[in-house]
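This report refers to the structure that appears directly beneath it.
Computed from heavy atoms alone, side chains included, the values below leave out hydrogens, waters and symmetry copies. Residue numbers count from 1 along this sequence.
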Amino acid sequence: SVIMAGEEINEDYPVEIHEYLSTFENSIGAVDEMLKTMMSVSRNELLQKLDPLEQAKVDLVSAYTLNSMFWVYLATQGVNPKEHPVKQELERIRVYMNRVKEITDKKKAGKLDRGAASRFVKNALWQPKSKHAAKVANKGKSKN
């Protein structure tokens, strides 16, 4: 074994990919921690605190994450995930995620547009000028 940066490297794989494998291992650890955190709260308890749109986001992200993890698992087993039904499932979930995003964007746009429209209308409305400004504007017009 070769020792590098305090870690023992297994000679069963090329040294060049050690950094990638270390990063992958750290990522797996981070995912594991997130899953433990998510699983520590009951689904019902979590969803009670969210509105229906937020609930849909949680469910979609959960489904997408699990299917993505299965994609990685298949790849580690030598199965091409692009030729597996998991690909269609990920695409199906993505469609629903895009729908939720559209709904969220429309809600945000509605709030922003009302304010912008209100300012636009207010500025576009005719406002009478002061008497002095009106006299100056009309000077010379009535004498023709």
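Taking a 4.5 Å side-chain heavy-atom cut-off between Ile, Leu, Val, Met, Phe, Trp and Tyr, the cluster of Val31 extends to Leu35, Met69. Residue Met38 is found outside any hydrophobic cluster, as its side-chain heavy atoms come under 4.5 Å of no other Ile, Leu, Val, Met, Phe, Trp or Tyr. When hydrophobic residues (I, L, V, M, F, W, Y) are linked wherever their side-chain heavy atoms come within less than 4.5 Å, the members clustered with Leu47 are Val41, Leu46, Leu50, Val58.
Note that OH of Tyr64 is 7.0 Å distant from CE of Met97, once rounded to the nearest 0.5 Å. Here Lys49 contributes atom NZ and Gln55 contributes atom CD; the two are 12.5 Å apart, rounded to the nearest 0.5 Å. With rounding to the nearest 0.5 angstrom, the CG atom of Leu90 is 6.0 Å from the CZ atom of Arg94. In this structure, CG in Asp32 is found 11.0 Å from CE in Met39, a value given to the nearest 0.5 Å.
Pairs passing the salt bridge (charged side-chain N to carboxylate O under 4.0 Å, His left out) check and including a residue from residues 57-73, sequence neighbours excluded, read Arg43-Asp59, Glu54-Lys57. Under the ring-ring contact (aromatic ring centres under 6.0 Å, His included) criterion, the residue pairs touching residues 83-109 are Phe70-His84, with sequence neighbours excluded. Screening residues 67-79 for side-chain hydrogen bond (donor to acceptor under 3.5 Å, both in side chains), with sequence neighbours left out, gives no hits. Listed by first and then second residue, the ring-ring contact (aromatic ring centres under 6.0 Å, His included) pairs that reach into residues 41-63 come to none, sequence neighbours excluded.
Hydrophobic clustering places Ile93 together with Val61 (ILVMFWY residues linked when any side-chain heavy atoms are closer than 4.5 Å, directly or through intermediates). Hydrophobic clustering of Ile, Leu, Val, Met, Phe, Trp and Tyr side chains at less than 4.5 Å, counting indirect connections, unites Leu60 with Leu53.
In this structure a side-chain-to-backbone donor-acceptor pair under 3.5 Å is present from Ser40 to Thr37.
Annotation: side chain of Met34 is not in contact with side chain of Thr65 (no heavy-atom distance under 4.5 Å). Taking the side chain as every heavy atom from C-beta outward, Glu33 and Lys36 approach each other to under 4.5 Å.
Applying the salt bridge (charged side-chain N to carboxylate O under 4.0 Å, His left out) criterion to Glu91, with sequence neighbours excluded, gives Lys87. For Arg99, there are no side chain to side chain donor-acceptor pair (under 3.5 Å) partners two or more places apart in sequence or in a different chain. Not a single salt bridge (charged side-chain N to carboxylate O under 4.0 Å, His left out) links Asp51 to another residue, sequence neighbours left out. For Lys82, there are no side chain to side chain donor-acceptor pair (under 3.5 Å) partners at least two apart in sequence or on another chain. Remark: Asn26 engages no residue in a side chain to side chain donor-acceptor pair (under 3.5 Å) (not counting sequence neighbours).
Across all their heavy atoms, Val100 and Ala56 have their closest contact at CG2-CB, 4.3 Å.
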